[in-house]
Student: 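This is the structure I want to talk about, given as structure tokens.
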2 protein chains.
Amino acid sequence: MSETDLPDGADVDLGPLPRLLGYALRRAQLAVFQDFHRVFADVDIRPAQFSVLTVLRHTPGLRQSQVSEALGIKRTNFVALFDTLEARGLARRERVADDRRAFALYLTEEGAGLLGRMQALLVAHEKHFIDRIGADGRETLLALLHRLSD
Amino acid sequence: MSETDLPDGADVDLGPLPRLLGYALRRAQLAVFQDFHRVFADVDIRPAQFSVLTVLRHTPGLRQSQVSEALGIKRTNFVALFDTLEARGLARRERVADDRRAFALYLTEEGAGLLGRMQALLVAHEKHFIDRIGADGRETLLALLHRLSD
DNA sequence: TATTGTTATACTCTATAACTATA
DNA sequence: TATAGTTATAGAGTATAACAATA
């Protein structure tokens with residue numbers, strides 16, 4: 001190994017960094033998203049895509065701008081994201097009768113089916129972290145996170 | 001406004017999404033990083049740059065690979081990041097005597113000075129969120145986050 | 001042979017300006 | 001004039017492969 005007494009990268013003391021909310025949040029989010037990618041690699045669904053499909057199942061017929069704004073995705077970036085879902089046959093755009101500029105968004109049957117099958121993956125993914133902090137820890141964490149992002 | 005009864009984007013019900021750890025973490029991290037950018041815009045320092053400077057103050061003389069690995073930054077991406085800090089005169093590379101492949105990294109006096117002045121910004125930034133969740137909430141949150149990112 | 005730092009490169013995510021078709 | 005969706009584009013952030021110098 002090393003000739004010095006210096007620790008290797010994994011053991012370096014980060015000083016005050018782990019006490020900073022932003023740093024701790026970034027590391028935690030990275031860990032959770034990495035697990036998401038691992039679990040959902042088979043179905044080739046990324047977090048943002050999953051969030052869109054989930055919103056459409058919960059509230060079908062929302063307009064494109066409503067979905068993108070609610071999820072914090074710029075409407076300009078939402079276009080390609082939804083194009084991908086549509087090209088895969090998981091969701092579709094439908095013209096709105098009383099405003100021909102707008103699209104109403106829906107899951108396809110295939111999209112609903114895939115989302116249904118993904119619930120098992122989602123449970124496994126969440127469980128991986130509930131096992132670390134407990135059900136109570138999860139509730140506490142969610143409440144604190146919501147108060148940060150009000 | 002709209003002719004329909006549909007809520008606008010900000011009021012769309014996201015369904016089960018806010019109950020998911022990954023989603024809640026992403027939204028919280030976004031809120032905190034946006035505040036970081038707002039507070040540190042004047043000094044033109046980004047979160048990753050701040051983390052490097054902070055580690056170098058706490059442990060001067062670490063090798064480039066140690067810093068990048070400890071912070072979860074690929075060594076290949078660390079090069080340009082540190083080049084920027086060096087070009088701004090905030091940090092420097094120094095050849096290591098017993099391993100001429102490696103660089104030891106240090107803050108410059110200017111870097112230490114800037115980091116010192118940034119402590120006030122950092123306190124204001126953290127306070128913005130401590131005001132929302134309380135000092136106890138912060139301790140609880142940090143503990144939970146660390147257990148997620150073990 | 002392995003490691004440290006580097007370059008080149010590509011892919012995702014995010015952000016802004018400008019366009020179209022409708023309202 | 002304003003809005004919904006779109007295109008083009010540019011900047012971050014992140015990932016891999018391959019190289020030079022050194023161990």
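In this text the structure is predicted, and so the values were computed from the model without any measurement. Chain identifiers are assigned alphabetically (A, B, ...) following the order of the sequence lines, protein sequences preceding nucleic acid strands; residue numbering begins at 1 within each chain.
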Student: Can you check the A:Phe33 CZ to D:dA15 C1' distance for me, whole Å?
Tutor: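 To the nearest whole Å, that distance equals 18 Å.
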Student: Assign each of B:Asp99 and A:Pro47 to its nearest nucleotide of DNA chain C by heavy atoms, then name whichever residue's nucleotide is nearer the 5' end.
Tutor: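 Closer to the 5' end of DNA chain C: B:Asp99.
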Student: Record whether the side chain of A:Arg101 comes under 3.5 Å of the base of D:dT3 through a donor-acceptor pair of N or O atoms.
Tutor: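 Under the 3.5 Å cut-off, the side chain and the base do form a donor-acceptor pair.
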Student: May I ask you to say whether A:Lys127 pairs ionically with A:Asp35, meaning some side-chain N is under 4.0 Å from a carboxylate O?
Tutor: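 A salt bridge is absent here (no side-chain N lies under 4.0 Å from a carboxylate O).
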Student: Nearest heavy-atom pair of A:Gly22 and B:Val32: which atoms, and what distance?
Tutor: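 Smallest heavy-atom distance, with atoms named: CA-CG1, 3.6 Å.
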Student: Start at the 5' end of DNA chain D and walk down; is the nucleotide closest to A:Arg26 or to A:Ala102 reached first?
Tutor: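 Its nearest nucleotide lies further toward 5', so the answer is A:Ala102.
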Student: Can you check the A:Gln66 CD to D:dT3 P distance for me, whole Å?
Tutor: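 So the CD-P distance, A:Gln66 to D:dT3, works out to 15 Å.
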Student: In whole angstrom, what separates B:Arg63's CZ from C:dT6's C1'?
Tutor: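 So the two atoms are 17 Å apart, to the nearest Å.
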Student: What's the CG-C1' distance between A:Leu71 and C:dT14, to the nearest Å?
Tutor: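 In whole Å, C:dT14 C1' and A:Leu71 CG are 15 Å from each other.
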Student: What is the distance, to the nearest angstrom, from the CD atom on A:Glu69 to the P atom on D:dT3?
Tutor: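 Atom CD in A:Glu69 sits about 12 Å away from atom P in D:dT3.
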Student: What is the separation between atom CD1 on B:Ile73 and atom C1' on D:dA15, rounded to the nearest whole Å?
Tutor: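 Answer to the nearest Å: 14 Å.
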Student: Quickly work out the A:Phe50 CZ to C:dT12 P distance and round it to whole Å.
Tutor: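 It works out to 20 Å between those atoms.
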Student: Are B:Leu115 and B:Thr54 close enough that some pair of their side-chain heavy atoms sits under 4.5 Å apart?
Tutor: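 Contact flag for B:Leu115/B:Thr54 side chains = yes.
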Student: Does the plane of the ring in A:Phe33 sit parallel, tilted or perpendicular to the ring in A:Phe36? Use 30° and 60° as the thresholds.
Tutor: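 Ring orientation, 0 to 90° scale: tilted.
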Student: Just jot down the side-chain hydrogen bond (donor to acceptor under 3.5 Å, both in side chains) partners of A:Arg132, sequence neighbours excluded, or say none.
Tutor: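 Result, side-chain hydrogen bond (donor to acceptor under 3.5 Å, both in side chains) vs A:Arg132: none returned.
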Student: Would you please name every residue forming a salt bridge (Lys or Arg N to Asp or Glu O under 4.0 Å) with B:Asp44, sequence neighbours left out?
Tutor: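 Testing B:Asp44 for salt bridge (Lys or Arg N to Asp or Glu O under 4.0 Å), a comparison that skips the adjacent residues, returns B:Arg88.
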Student: Which letter, B, S or -, goes with each nucleotide of nucleotides 6-12 of chain D from 5' to 3', with contact meaning a protein heavy atom under 4.0 Å?
Tutor: BBB---S
Student: Return the value, rounded to whole Å, for the distance between atom CZ of A:Arg95 and atom C1' of D:dG5.
Tutor: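 Between C1' of D:dG5 and CZ of A:Arg95: 8 Å.
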